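Below: the structure, in structure tokens.
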Amino acid sequence: MALVALAACSAPATLPDLKIAETRADAGDIDGALAAYRSAQGKCSALTPKRRAVAACADALLGEAELLERSGRTKEAIDAYLAIPARTTQLADETTAAIATFRAGELQLRAGQVTAAWTALWRVVTDYPDEPTAADALRRLLEDGRGR
């Protein structure tokens with residue numbers, strides 16, 4: 001009886017939409033994968049406990065932006081990364097917000113958008129100083145600044 005109750009309470013490891021997104025991305029169906037990531041984004045915050053919601057939302061949000069980046073859709077990837085911090089406030093997920101802002105800054109630097117890149121990288125340092133990504137952002141600012 002206890003085994004049945006335990007099985008009924010256990011939740012799946014991840015949202016089905018996230019698995020679909022990964023499968024479609026691996027098959028080269030970029031638009032299908034993006035649609036699945038966006039579908040997961042609409043469902044992830046309802047998961048319980050909160051740590052599962054945070055993890056699933058991070059996977060869905062960063063997954064979309066990473067796929068855009070890998071697909072060479074740099075402008076869309078930057079926009080997706082920059083939108084993540086506002087979308088993570090409900091779950092208070094500063095780790096994902098810091099990672100996304102850092103990645104946006106990195107892409108902006110590579111695209112020659114120096115002012116926007118430095119703004120994003122400094123935002124990581126000032127808004128998320130306790131996140132490990134803040135050290136990465138500061139290191140990147142120093143490397144880029146020394147090269148100028």
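Bear in mind the structure is a predicted one, so any value in this text is a computation, not a measurement.
Here Ile84 is tied into one hydrophobic group with Leu61, Leu62, Ile78, Tyr81, Leu82, Ile99, Leu107, each link being a pair of ILVMFWY side chains closer than 4.5 Å.
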Only pairs under 3.5 Å count here: list side-chain donor-acceptor contacts from residues 30-47, not counting sequence neighbours, and write none if there are none.
{"residue": "Arg38", "atom": "NE", "partner": "Glu64", "partner atom": "OE2", "Å": "2.8"}
{"residue": "Arg38", "atom": "NH2", "partner": "Glu64", "partner atom": "OE2", "Å": "2.9"}
{"residue": "Ser39", "atom": "OG", "partner": "Asp17", "partner atom": "OD2", "Å": "2.9"}
{"residue": "Gln41", "atom": "OE1", "partner": "Arg87", "partner atom": "NH1", "Å": "3.1"}
{"residue": "Gln41", "atom": "OE1", "partner": "Arg87", "partner atom": "NH2", "Å": "2.9"}
{"residue": "Gln41", "atom": "NE2", "partner": "Ala60", "partner atom": "O", "Å": "3.0"}
{"residue": "Gln41", "atom": "NE2", "partner": "Glu64", "partner atom": "OE1", "Å": "2.7"}
{"residue": "Lys43", "atom": "NZ", "partner": "Asp17", "partner atom": "OD2", "Å": "2.7"}

Donor-acceptor contacts, no H, no angles, side chain residues 126-138, under 3.5 Å, sequence neighbours left out:
{"residue": "Thr126", "atom": "OG1", "partner": "Trp122", "partner atom": "O", "Å": "3.0"}
{"residue": "Glu131", "atom": "OE1", "partner": "Thr95", "partner atom": "OG1", "Å": "2.8"}
{"residue": "Glu131", "atom": "OE2", "partner": "Thr95", "partner atom": "OG1", "Å": "3.4"}
{"residue": "Asp136", "atom": "OD1", "partner": "Arg139", "partner atom": "NH1", "Å": "3.0"}

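By the salt bridge (charged side-chain N to carboxylate O under 4.0 Å, His left out) test, Glu94 is found to be paired with no residue, residues two or more places apart in sequence or in another chain being considered. Residues satisfying the side-chain hydrogen bond (donor to acceptor under 3.5 Å, both in side chains) criterion with Arg140, sequence neighbours excluded, are Glu106. Partners of Arg146 by side-chain hydrogen bond (donor to acceptor under 3.5 Å, both in side chains), not counting sequence neighbours: none found. Annotation: salt bridge (charged side-chain N to carboxylate O under 4.0 Å, His left out) contacts of Asp29 (sequence neighbours excluded): none. With sequence neighbours excluded, the residues that form a side-chain hydrogen bond (donor to acceptor under 3.5 Å, both in side chains) with Glu66 are Arg103. Scanning for salt bridge (charged side-chain N to carboxylate O under 4.0 Å, His left out) contacts around Lys50 gives an empty result, with sequence neighbours left out. Residues that satisfy the side-chain hydrogen bond (donor to acceptor under 3.5 Å, both in side chains) test with Thr96, not counting sequence neighbours, are Asp93.
For residues 73-119, no residue pair satisfies the disulfide (SG to SG under 2.5 Å) rule, not counting sequence neighbours. Sorted by first and then second residue, the disulfide (SG to SG under 2.5 Å) pairs with a member in residues 58-123 form an empty list; sequence neighbours excluded.
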